[in-house]
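Before any comments, here is the structure.
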Amino acid sequence: MNESHDKTNSPSRASSAEEGHDVSDTFYTSQRKGSHVFRVRLDATGFTLQRESPGGTVIKEQHVRIGDIVGGRCMRPKKTRRLAMSGACACSSGNPNSPAVSASGDRPAAAINTPSKCSTASKEDHPLSDGDVSAYLYVFAYVLKKRSLRTELHRERTVLTLRFRSFDTFEDNMREADRWYRALRWQLHRTLEDIFVAPTADERRRRVLVLLNPKSGSGRAREVFNMHVTPVLNEAEVPYDLYVTKHSDFAIEFMSTRCLDAWCCVVAVGGDGLFHEIINGLLQREDWAHVLPGLALGIIPCGSGNGLARSIAHGYNEPYFSKPVLGAALTVISGRSSPMDVVRVQLQQRSVYSFLSIGWGLISDVDIESERIRMLGYQRFTVWTLYRLVNLRTYNGRISYLLTEQDDSPVPGYGNQQHRMQGSRSCNTHIDKLAPSLHHSSTEYLPQEFADVISLETSINQSFRSRCDSWLSGGSRRSFYYSISESIYHSLADESEFAGQAAAALENRQQNFGPTSELPDLDEPLPEDQGWQVEEGEFIMMHAVYQTHLGIDCHFAPKAQMNDGTIFLILIRGGISRPHLLSFLYNMSSGTHLPEVNNEYVKVLKVRAFRLEPHDNQGIITVDGERVEFGPLQAEVLPGIARVMVPK
């Protein structure tokens, strides 16, 4: 893995490359059967790897998309090995067991920037000796791959390792590696929509706020975050602050009282319940109209249902089932956001805001009653559905609704376009905000042909986890030694001040912050001249949804979009046969349960507002899977007022 290229070429390339932010060079890898020469180029589309024959003909070409790259790191290996054999030739194939060997048994690419040395190498000259002056650039990417024709696409962590040894000192080589690194960061910022670019003159470092529910799902949220999310954030050099929720409604109190200027986005590590608290906390602020548009929201699925995370992945053709947490972590660092509808729900004593669903009847019964077998995880829903199907209930009530316009196009002014995230920074260079978008097929993936250039060293990530040295970071050395039996990641601010703010927030909940309602009060009759329609009688269930999925494998509203201004209102009337109902429930996993044409028992209505008036005195009503007080309610869609993080 030594070099055979005149280093006088480097300065001229450096100036031209920095002007255009594109860099290229010749690299090679040593194998048992000889060296392979590669032309490596970095431009706005990503890394292009061209394998050449000895005559200079391109044999193979592969592309690592810029959209699959999360970051890079210049570094010098902490430990190197001495020569196993003092007489080894510097141009020969190296020992495949050496530290720099890739997963395929071949060494990663090395820069060809010095004259060839075919004589016996000394300890100082050998690239793996203790006197090695090489600098390394590690490029981290998560590439779509297939293990076989029968398996689904999945993202696999890939490390492109470039070695620089053009000069006689490590400092000079590191400057060359840093030139590539800076070019990479510049190209990445063109696709990050400025989420991590300083928006103000003082270039304040804006960060990601992470709220973690340690009891969500099976109670492994903290472990999942530290093991699978923190490494991705570190690779992407995304600064973050982690807070662990201490009690119910902690996130509501936090989001409604704290100054949020330091953060550009908020990430929920947990289930849909935590995300529900975040939304409601934001909309209970007096300054919600100022804060909400500039704060992107994300979710790392660690709960039982995970309907929102599944809906986002489905809407953007992102692999989910193989590694859902990984896909969500990559979404968090994508720098992309999309408008999302929020539904205002007026109850008898208060108003809440919903991003997922409103339920009454069968599905809500299953959701809440199955909590007693929560230890079964997501399977608890299946078990309790069968139980409730045998012991079927009906509910008597009246449902009034306003149909939407019969147009499937997005709501004007909101659309499906991705929006820029405001805030934060990752480098001090000004980035052009009008960088062109890059469109690539979501089915493109990387074969194994370039394993000799692309290293799959999963251990490299551990070298960078110590970078986090904040009281608020999940991988922090300062907080690692505390007991994990309690919430230990918290603000450095005075907690008594937070307690006072939380008390004030409880009083503010009675105030009508958030968007004003266009509906009459819940205790007032509905106007007859606005087109309200009514369904009344016995119902098995009513469920209103605005995302495609209610859970991991519950494809409940296949035609829903995050920002279409539509509530899909599904009604099932009493009298439906159990086989018909069982077929409906069974086909929810594939999204084929809804009829093409409404029938006597099952109706699918596209509405913009509705009112539910139960005639019974008891039952279960849920909002985003959370139980609320039983009684009449009304809901109306607020098109695109929130922003949610989406994949590239």
**Study point:** side-chain contact (heavy atoms from CB on, under 4.5 Å) assessment of Phe27 paired with Leu49
**Key:** CA-CA 10 Å; Phe27 294 78; Leu49 314 172; over 6 Å; no
Revision key, fill the gap. CD (Glu176) and CG (Leu162) are apart, to the nearest 0.5 Å, by 11.0 Å
Review point. Roughly how far, to the nearest 0.5 Å, is OG of Ser311 from OH of Tyr320?
Key: 9.0 Å
Point to revise | Test: Arg157 and Glu235 ion pair at under 4.0 Å | key: yes
Check your understanding: When rounded to the nearest 0.5 angstrom, what distance separates CG in Leu330 from CG in Asp68?
Key -> 9.0 Å
Review point. Does the side chain to side chain donor-acceptor pair (under 3.5 Å) test come out yes or no for Arg73 and Tyr138, once each step is laid out?
Key: CA-CA 5 Å; Arg73 200 64 44 87; Tyr138 296 102; over 6 Å; no
**Study point:** Set of side chain to side chain donor-acceptor pair (under 3.5 Å) partners for Arg220, sequence neighbours left out
**Key:** Glu223
Exercise for review: Using the test ring-ring contact (aromatic ring centres under 6.0 Å, His included), find all partners of His290 that sit at least two apart in sequence or belong to another chain.
Suggested key: none
Practice item. Indicate yes or no: at least one non-hydrogen side-chain atom of Tyr142 is less than 4.5 angstrom from one of Val232. Key: yes
Check your understanding: Does His314 have any side chain to side chain contact (heavy atoms under 4.5 Å, CB included) partners at least two apart in sequence or in another chain, and if so, which?
Key -> Arg310, Thr548, His549, His555
Check your understanding: If you measure from the Lys or Arg side-chain nitrogens to the Asp or Glu carboxylate oxygens, is any gap between Arg163 and Asp132 under 4.0 Å?
Key -> yes
Review point. So which of Arg39, Glu61, Lys60 actually passes side chain to side chain donor-acceptor pair (under 3.5 Å) with Gln50?
Key: Glu61
Check your understanding: Can you check whether Phe225 reaches Val210 side chain to side chain, under 4.5 Å on heavy atoms?
Key -> yes
Exercise for review: Return the set of residues passing side chain to side chain donor-acceptor pair (under 3.5 Å) with Thr48 (not counting sequence neighbours), or none when no residue passes.
Suggested key: His63
Exercise for review: Quick one: list whatever passes side chain to side chain contact (heavy atoms under 4.5 Å, CB included) with Asn173, sequence neighbours left out.
Suggested key: Val133, Ala135, Arg165, Ser166, Phe167
Review point. In chain order, what residues pass the salt bridge (charged side-chain N to carboxylate O under 4.0 Å, His left out) check against Arg41, with sequence neighbours excluded?
Key: Asp22, Asp43
Check your understanding: Can you tell me how far CG of Leu211 sits from CD of Glu277, rounded to the nearest 0.5 angstrom?
Key -> 9.0 Å
Check your understanding: In chain order, what residues pass the side chain to side chain donor-acceptor pair (under 3.5 Å) check against Ser216, with sequence neighbours excluded?
Key -> none
Check your understanding: If you take all heavy atoms of Val208 and Trp263, which pair is closest and at what distance?
Key -> C-CD1, 3.7 Å
Practice item. Please step through side-chain contact (heavy atoms from CB on, under 4.5 Å) for the pair Tyr240 and Thr230, ending with a clear verdict. Key: CA-CA 9 Å; Tyr240 64 92; Thr230 296; 3.4 Å; yes
Practice item. Any pair with a residue in residues 314-330 that passes salt bridge (Lys or Arg N to Asp or Glu O under 4.0 Å), sequence neighbours left out, goes on the list, sorted by first then second residue, please. Key: Arg155-Glu318
**Study point:** Heavy-atom pair of closest approach, residues Ile66 and Lys648
**Key:** O-NZ, 3.9 Å
**Study point:** Whether Ser334 side chain and Arg336 backbone form a donor-acceptor pair below 3.5 Å
**Key:** yes
Practice item. Please identify each residue that fulfils side chain to side chain donor-acceptor pair (under 3.5 Å) with Asn280, with sequence neighbours left out. Key: His276
**Study point:** Val238 and Val332, any side-chain heavy atoms less than 4.5 Å apart
**Key:** no
Practice item. Please report the C-alpha distance between Arg185 and Asp178 in whole Å, then the side-chain angles of each, then the deciding distance to 0.1 Å, and finally whether the salt bridge (Lys or Arg N to Asp or Glu O under 4.0 Å) criterion is met. Key: CA-CA 10 Å; Arg185 296 302 306 174; Asp178 183 65; over 6 Å; no
Review point. Measuring from Ile552:CD1 to Phe321:CZ, what's the distance to the nearest 0.5 Å?
Key: 7.0 Å
Study note, to complete from the structure: Correct closest heavy-atom pair for Arg643 and Leu295 would be NH2-N, 3.5 Å
**Study point:** Nearest heavy atoms of Met645 and Cys265, plus distance in Å
**Key:** CE-CB, 2.9 Å
Point to revise | Heavy-atom pair of closest approach, residues Ile333 and Ala236 | key: CD1-CB, 3.7 Å
Revision key, fill the gap. For residues 264-276, the salt bridge (Lys or Arg N to Asp or Glu O under 4.0 Å) pairs (sequence neighbours left out) are none
Review point. Is there side-chain contact between Val644 and Val646, with at least one heavy-atom pair below 4.5 Å?
Key: yes
Practice item. Let me see the working for Arg65 and Thr45 under side-chain contact (heavy atoms from CB on, under 4.5 Å), right down to the final yes or no. Key: CA-CA 6 Å; Arg65 300 189 313 128; Thr45 65; over 6 Å; no
Review point. Would you find a donor on one side and an acceptor on the other, under 3.5 Å apart, between the side chain of Ser24 and the backbone of Val40?
Key: no
**Study point:** Residues that Ala141 engages under side chain to side chain contact (heavy atoms under 4.5 Å, CB included), provided they are two or more places apart
**Key:** Val64, Ile69, Val143
Review point. Should the ring pair Trp180 and Phe164 be called parallel, tilted or perpendicular, given that the plane angle runs from 0 to 90° and is split at 30 and 60?
Key: tilted
Point to revise | Shortest non-hydrogen contact between Cys74 and Tyr181, atoms and distance | key: SG-CB, 3.4 Å
Point to revise | ring-ring contact (aromatic ring centres under 6.0 Å, His included) against Phe47, all qualifying residues, sequence neighbours excluded | key: none
Practice item. Find the distance between CD1 (Ile300) and CG (Leu212) and round it off to the nearest 0.5 Å. Key: 10.0 Å
**Study point:** CA sep, side-chain torsions, deciding dist, call: Met340, Ile279, side-chain contact (heavy atoms from CB on, under 4.5 Å)
**Key:** CA-CA 11 Å; Met340 182 181 71; Ile279 284 283; 4.3 Å; yes
